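Scroll down for the structure; my scribbles are underneath it.
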Amino acid sequence: MENTFNQFDLNKQLLNAVEDLGYTSPSPIQEKAIPVISHGHDVLGIAQTGTGKTAAFLLPVLMKIKYAQGDHIRCLILAPTRELAIQIDTAVTELAKYTDLRHKAIYGGTGTKSQIEALQSGLDILVATPGRFMDLYLKGEIVTKAIQYMIMDEADKMMDMGFMPQIRKILEVIPRKRKNLLFSATFPEKVERLSEEFLEAPVRIEVTPQATTAETVEQALYETPNFRTKINLLEFLLSKDEITRGIVFCRTKAVADNVFKFLERKGMKEDEVRVIHANKGQNTRINSMNAFREGAVRILVSTDVAARGIDIQEVSHVINFDVPVIYEDYVHRIGRTGRANLEGQAITFMTPAEEYHIAKIEKIIRSEIPRKPIPTEVNVPETPFEEQQGILREIDNQRKREDPNFKGAFHEKKAKNRPKDQRTSKHKARGKKRRR
Ligand code: AMP
């Protein structure tokens with residue numbers, strides 16, 4: 001059976017939102033947690049960022065609270081930092097886009113006016129840092145009596161940041177009868193104690209990312225400064241005969257389509273390359289899979305839909321055109337090759353914005369992926385202005401995630417790095433990007 005979000009008891013509004021986000025198959029934590037939360041159990045989730053944990057707790061909760069109702073919050077989500085609070089609230093915006101649910105993130109270090117206004121106008125979901133929650137609660141701005149779901153995200157970080165006193169107070173002022181979900185990247189003793197206090201007969205769900213990658217797989221990493229270099233390098237690698245059967249993994253459907261179109265333009269025919277992803281229709285997908293499995297097609301360009309559940313043996317090469325943001329997918333992806341004692345190669349392309357994710361993946365697989373220099377035959381063009389800005393912005397966001405006090409260097413860089421002619425002609429730069 002194919003592994004899709006249809007296996008869960010989710011309504012059309014949520015399934016459509018998931019589809020818009022381009023999630024084709026649930027991640028392991030989603031597969032495990034969504035049914036358990038839907039059944040009304042408390043959950044203790046041990047999962048790191050990058051596992052898809054946010055959607056794992058949001059989807060079943062959104063399913064339960066469904067639509068806007070009354071004036072008082074029914075779901076409270078606590079997060080240690082303002083960045084995480086904003087990130088969770090953004091995920092709510094995306095997943096609840098086809099519902100009328102009202103939500104807001106509140107956090108310190110900024111004025112209370114708009115936060116209070118949102119609370120007064122009625123909310124269903126509140127995402128909060130513990131300190132700001134207590135401030136506004138003590139001001140009488142938060143009514144807690146309707147809270148049915150209480151979620152703590154990154155509980156270990158909350159403990160480390162010394163939020164325990166505030167959390168204790170919050171637990172005193174919210175209704176006893178409620179569902180509780182606690183997520184933590186690690187499970188030290190203090191989190192264990194908190195979970196005993198806070199959760200009632202919880203189901204423990206742990207995604208221990210597979211620590212080892214198949215030993216018969218040879219891994220390599222190329223530091224590619226930009227998209228165009230990735231394309232050039234891919235073309236070069238595919239021109240070699242040793243890739244007898246390769247899968248090219250891309251993060252999104254759009255990238256997969258782009259890569260496919262590029263290879264087509266380079267003269268690769270239907271018997272050489274196919275693309276599969278969720279938008280392709282079941283039949284087309286199955287046909288392409290079968291053709292690839294039988295060896296009638298040499299290269300398959302794919303999103304992660306092909307990485308799970310579907311057994312394709314004897315892949316000679318896996319090429320990660322993008323670094324997966326769900327880190328376990330790295331292990332899943334490269335597990336396609338080197339099966340049954342066959343030698344395989346897993347090649348990854350990495351832009352500067354993806355270094356952050358590679359560092360996390362290397363932690364999970366507990367080894368460093370060997371770096372390889374880009375072959376001299378491959379043209380390495382300069383990074384277009386807009387792409388460079390996007391990369392810098394992403395790096396800034398990553399640093400903010402790691403360090404709540406980091407203010408961001410992007411704005412200074414922006415002024416300094418921007419060439420004069422482009423400072424006046426934003427549209428020109430944008431047009432260039434589209435024609436790429
Ligand atoms: P999280 O671990 O919740 O921080 O999620 C990590 C990233 O994975 C986020 O960028 C999500 O948008 C993305 N994501 C979550 N679930 C899926 C899924 N099933 N398929 C693809 N991407 C996902």
Side-chain angles (χ1 to χ4, degrees), residues 2-8 10 14-35 37 43 45-62 77 79-81 83-97 105 127 151-157 181-186 205-209 249-256 276-279 302-309 320 322-333 353-354 356-361 363-364 390 393-394 397-398 400-402:
E2 203 174 341
N3 189 15
T4 68
F5 280 88
N6 291 325
Q7 68 185 282
F8 307 123
L10 299 175
L14 294 175
L15 289 174
N16 287 344
V18 164
E19 193 179 343
D20 289 355
L21 282 167
Y23 302 172
T24 44
S25 52
S27 69
I29 184 98
Q30 291 163 358
E31 237 174 277
K32 290 181 188 163
I34 293 174
I37 300 171
V43 162
I46 320 272
Q48 299 167 347
T49 298
T51 51
K53 66 183 164 74
T54 317
F57 65 69
L58 282 180
L59 283 169
V61 170
L62 293 174
I77 305 171
T81 62
E83 282 68 34
L84 185 63
I86 293 170
Q87 199 174 304
I88 296 169
D89 192 54
T90 307
V92 178
T93 307
E94 290 166 350
L95 291 170
K97 68 194 261 202
V127 189
I151 305 168
M152 283 192 216
D153 197 9
E154 297 198 357
D156 47 356
K157 200 159 179 181
L181 313 174
L182 186 150
F183 283 80
S184 188
T186 58
I205 296 173
E206 193 163 354
V207 285
T208 27
F249 282 108
C250 305
R251 195 185 294 174
T252 64
K253 288 183 269 200
V255 176
I276 55 162
H277 56 60
N279 273 9
S302 171
T303 53
D304 279 296
V305 70
R308 292 200 202 98
N320 295 312
D322 299 311
V323 175
V325 287
I326 295 205
Y327 305 135
E328 288 151 317
D329 280 342
Y330 181 80
V331 182
H332 288 289
R333 286 181 183 186
E354 292 174 316
Y356 172 84
H357 302 296
I358 283 292
K360 304 243 169 187
I361 288 169
K363 225 172 172 180
I364 288 175
R393 201 175 299 123
E394 232 176 295
N397 288 338
Q398 292 159 358
K400 276 187 208 149
R401 243 194 94 69
E402 295 297 315

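Fair warning: this is a prediction, and the values are worked out from it, not measured in the lab. When a ligand or atom number is given, it counts from 1 through the structure's own listing order.
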Reported CG-to-NZ distance for the pair D153 and K53, which is rounded to 0.5 angstrom
3.5 Å

When rounded to the nearest 0.5 Å, the distance separating CG of D322 from CG of D329 is 12.0 Å

N/O of T51 under 3.5 Å from N/O of ligand 1, yes or no?
yes

Got an N/O contact under 3.5 Å between A55 and ligand 1?
no

Quick one: list whatever passes side chain to side chain donor-acceptor pair (under 3.5 Å) with K360, sequence neighbours left out.
E402

If we only consider heavy atoms of S25, is any one of them less than 4.0 Å away from an atom in ligand 1?
yes

Would you tell me which option among F57, F183, Y327, Y23 has the nearest heavy-atom contact to atom 18 (C) of ligand 1?
Y23

Give the contacting part of T54 toward ligand 1: side chain, backbone, both or neither, where contact means a heavy-atom distance below 4.0 Å.
both

Ligand-side contact atoms (ligand 1) for residue partner F5, heavy atom cut-off under 4.0 Å:
19 (N)

Going by an N to O cut-off under 4.0 Å, is there a salt bridge joining R251 and E354?
yes

For E154, which of T186, L84, T81 qualifies under side-chain contact (heavy atoms from CB on, under 4.5 Å)?
L84

